[in-house]
Each structure stands twice: as C-alpha cells, then as structure tokens.
Amino acid sequence: MWRNSRSFSSKLRLSSSSPNPSITTSISTFYRHVGVGRRPLYPYSSSLYSSLSSSPSSSDPIRLGFSNSHGFRVFSSVADPSSLDSAPVVSRAREAVDLARHYGRCYWELSKARLSMLVVATSGTGFVLGSGSTMDLGGLCWTCAGTMMVAASANSLNQVFEIKNDAKMKRTHRRPLPSGRITSAHAITWATSVGLIGTAMLATKTNILAAGLAASNLILYAFVYTPLKQIHPVNTWVGAIVGAIPPLLGWAAASGQISLNAMILPAALYFWQIPHFMALAYLCRDDYAAGGYKMYSLADASGQRTAAVALRNCLYLVPLGFLAYDWGITSGWFCLESSILTLAISATAFSFYRHCTMQKARRMFHASLLYLPVFMSGLLFHRLLDNEQTMEEDSSKRMLDDLVQEDRYIAQKNKTEQSRGVAQSRPPVAYASVAPFPFLPVPLYADS
C-alpha cells in the first residue's frame, strides 16, 4: 500500500516538468492569506505541491488534493485564482473582529461586569418594591440600563486610579490596565462616556432624583472610597454606603420619592456588606498588604476583632424581617424566612469568631454570597401590593372599630346593670314613717 502511494507520487513529480510561475506565485499568496505555512499539511503534500505546480491553463480551477493510501486522488476543495483577490478583504474583516473582541473583553473587565450586574439586581429589586401594584416594565429596563452604565463607569475609574496597586496584587495584576492591554486615556474616555450616558438616561427616562443618586454614588465610589482604601480602614464602611444606594435609586425611579419603607433593602445591603468584606479582607490580607491598602484586617493579626465586627453586623440584620412585616411591605412569612436566613449567616460569623481560621472565614464569605439573593427573592415573593395593603389596613381598621364598639357596648351594659342593681338593692321607703311620724327625717341611701 505504501509502495503504491510512493509510485503514484513519483509519477506526479515526473509529470511536472514545466511549472507555471504565475500559478506557483498565486498558490503561495493563497497559503499566506489563509495562514498556512510552507510546511506540508499532509503526508503527501509534496506530491500535492508538485501537482499544483504543473502547467494547467489559467482558466482552469485549482484542485487541492492528495493521494490516499490506496493510490486514489482525493480532492478536498476547489479554488479559483480569481477568488484570491478577496483574501485581503477577508483578512481585514478578521482583524476588525479580533480588535472588537479585544476591546470588548477589556471593557468587560474594566466594568467588573459581574459586580455591576449585582448592583443592577439590587436596583431592579428596589424598583419593583417601589412600584406597588402597577409596574412600568419600560421604566424598569431604563433604570437597569442606566444603573449598569453608571456602575461600569465607577468600576472603570476605580481601576484607573489603582493601576500601580493592582499591578502588585496576584488577583488583579492581569487586569487590562496593569497588563498593558489598554491605555489609561482609553479607559478614562470609556468611563466618562458611559457614566454621562447612564446618568442622562436616568434623568430623561425616570426622574432627576434617581439620576442624582446615581451621580452621587459614582462620585462617592470613585473619588472618596477609592483613595480612602489607601488611607484608613474606614473605607469598608464608606463602601457599604455605596452599596446601599442602588436599591434606593431603584425605589426613587419607580415612585419618585423616598419613604421610610424604602430603607429596608438599603439597610440590609449596608449591614450585609460588612461581614462580606471582612471575610474577603481576611482571606486576601496578604494581597491587600502587598497592594498598599489599609484594610481593617491588616491591623488584626489574630482576626478576633475582624470576626467580632462581622458577627455584630450579622445580628443587626435580625430585625429587618420584622420591620418589613410591621411596615406593611411583606407578609408574615417573610418575617419567619428572614429570621432563619439571618440566624444562618450569624452562625457562620460566630463560628469564625470562635476559631479565626481561613476555612471559617471562607465559609462565612460563601454564606454572605448566598444571603443576599435569597433575601431579595423573599422580599419580591412575599411583598404586598397596594390593594393587599389597603385590604389589610381596612381589615385592621374594621377589627379596631369592632373592638371599640364592643368595649362601648360592654361599658354601657355594665352601667345599665349597675344602675338596675342599685335600684333593686335599695329597700322601699317606709311611707308610714313619714306620715305617722313626721318628726323623723327622710332616709337617705348612698349609691352602692
């Protein structure tokens, strides 16, 4: 079998006595454009090149093939020399696609897309809670899109200001700016553009209050929280305020105002972020120290104070379910579910407090990742609509009125029975004591 193929290839080489230079040049150009090197692709590519270098007419198509083990020629494709002129166009299109893919990935990483989508989720939850019984789907979409753009801008500016710090940390040195995949000027242009577009979108499609909250949050994150990370450990609490604003933004976009009921989800996000960041700072404290960040856990070698702060803020989450039920936001089932969920994350924080190890901190971190989506899902599932709140208020009012009427009835009945009892307890006046004995005084009876 191998003997047959070699003989067939030798025949092909012998038959190619006068190759055409133009065809050879065209084939070389074709290989260069499609990215194939000069090394043969198949075991019989030497015979293939010999057959292609033979002298066919310029109008004949070029058949790409090779001899198989049985000595039969197999054609893989047919190429027309005239089609080789479109190779530069294909190459330019491929370069454009690669360039778009490169910058798209850079923008994705600059925006911290997964973190930004979590911010969008909290903002959307706030919008749904603030909508009541009628929800504007278009307004929800515009709110989520504007929040996504503003969050992407804030995260991009955060990386622009922290290029040198990110280059020193293992988990951040491959980001677009430290790795040199994109320039700082390009990143600033991207951040400024999406930030302005997102704020303008919220201002025109929702209301000025939501746009103002978005702009203030961007400034607080990029220009206060980011430099504060290298100055003082209080940056964790400032970052918690930043994370608590998006649900308030969503509520304001839906209702146009901020009420007491709107503070439930922001309060949950604020208190939740402290144990979440404390666990993260403890797990990555060596990395934060290398990056030059002033985190609370760096001044706590034993980890005891870090765990105590995390446990305290977990306990602050306990009353939120009761407040949501008492303020008429959710049904009573959410009160029960929220209590169980909060006790679960508090148990992991207490375990970390008792034994400050990496394993316990990682468990608390994973529990914090589970807490937030479950809490927000419970709020949405058990929320009371306007008509349900009205019905509940009416039923409560009716119950109160019934109790008042019943109390009045009981009081009136007691008064009547009392008056009747006094009248019956008085003995009849002896009229004879008046007539026969006029010198005796008329008897007086005290009310009993």
Side-chain angles (χ1 to χ4, degrees), residues 5 8-9 12-13 15-68 72-114 116-117 145 148-149 152-153 155-156 159-160 163 174-198 201:
S5 63
F8 185 75
S9 300
L12 289 176
R13 284 195 295 272
S15 63
S16 58
S17 58
S18 58
N20 191 343
S22 62
I23 298 299
T24 305
T25 305
S26 300
I27 296 302
S28 300
T29 305
F30 174 76
Y31 278 144
R32 184 170 63 254
H33 282 296
V34 299
V36 179
R38 301 180 65 88
R39 181 171 294 181
L41 295 177
Y42 301 101
Y44 308 104
S45 58
S46 60
S47 62
L48 167 64
Y49 190 82
S50 300
S51 63
L52 291 174
S53 301
S54 60
S55 54
S57 62
S58 59
S59 61
D60 292 338
I62 299 173
R63 295 181 179 274
L64 305 180
F66 60 93
S67 300
N68 61 10
F72 298 101
R73 170 164 291 190
V74 179
F75 293 99
S76 59
S77 61
V78 178
D80 190 354
S82 61
S83 64
L84 298 177
D85 297 335
S86 61
V89 178
V90 175
S91 178
R92 286 194 296 268
R94 183 176 299 173
E95 290 176 359
V97 171
D98 292 341
L99 191 64
R101 187 178 301 171
H102 167 75
Y103 282 111
R105 186 172 184 83
C106 289
Y107 294 153
W108 177 273
E109 295 180 18
L110 280 174
S111 305
K112 298 180 183 177
R114 287 183 293 181
S116 297
M117 284 189 284
M148 182 70 184
M149 290 185 177
S153 175
N155 289 322
S156 300
Q159 294 186 50
V160 169
I163 298 177
R174 294 183 179 179
R175 285 177 175 176
L177 288 170
S179 61
R181 286 182 286 149
I182 196 172
T183 62
S184 299
H186 193 147
I188 293 173
T189 303
W190 153 258
T192 305
S193 301
V194 294
L196 292 175
I197 294 173
M201 183 182 297

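Values below: all heavy atoms of this structure, side chains included; hydrogens, waters and symmetry mates excluded. Numbers here simply count residues along the sequence, with the first being 1.
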Checking side chain to side chain contact (heavy atoms under 4.5 Å, CB included) between Asp98 and each of Arg94, His102, Glu95, which is the one that passes? Arg94

With a 3.5 Å cut-off and sequence neighbours excluded, list the donor-acceptor pairs that the side chains of residues 177-184 form with protein atoms.
unit_1: Ser179; atom_1: OG; unit_2: Arg175; atom_2: O; d: 2.6
unit_1: Ser179; atom_1: OG; unit_2: Pro176; atom_2: O; d: 3.3
unit_1: Ser179; atom_1: OG; unit_2: Arg181; atom_2: NE; d: 3.1
unit_1: Arg181; atom_1: NH2; unit_2: Glu109; atom_2: OE1; d: 2.6
unit_1: Arg181; atom_1: NH2; unit_2: Arg174; atom_2: O; d: 2.7
unit_1: Thr183; atom_1: OG1; unit_2: His186; atom_2: N; d: 3.2

For Arg92, what residues pass the side-chain contact (heavy atoms from CB on, under 4.5 Å) criterion, not counting sequence neighbours? Pro88, Val89

Residues which pass side-chain contact (heavy atoms from CB on, under 4.5 Å) with Ala152, listed by chain and number, not counting sequence neighbours: Ser111

Search all heavy atoms of Val194 against all heavy atoms of Met149 and return the closest pair with its distance. O-CB, 3.4 Å

OG-CD1 distance between Ser193 and Ile188, expressed to the nearest 0.5 angstrom: 11.5 Å

Please confirm whether the backbone N or O of Ala185 pairs with a side-chain atom of Thr189, one donor and one acceptor, at under 3.5 Å? yes

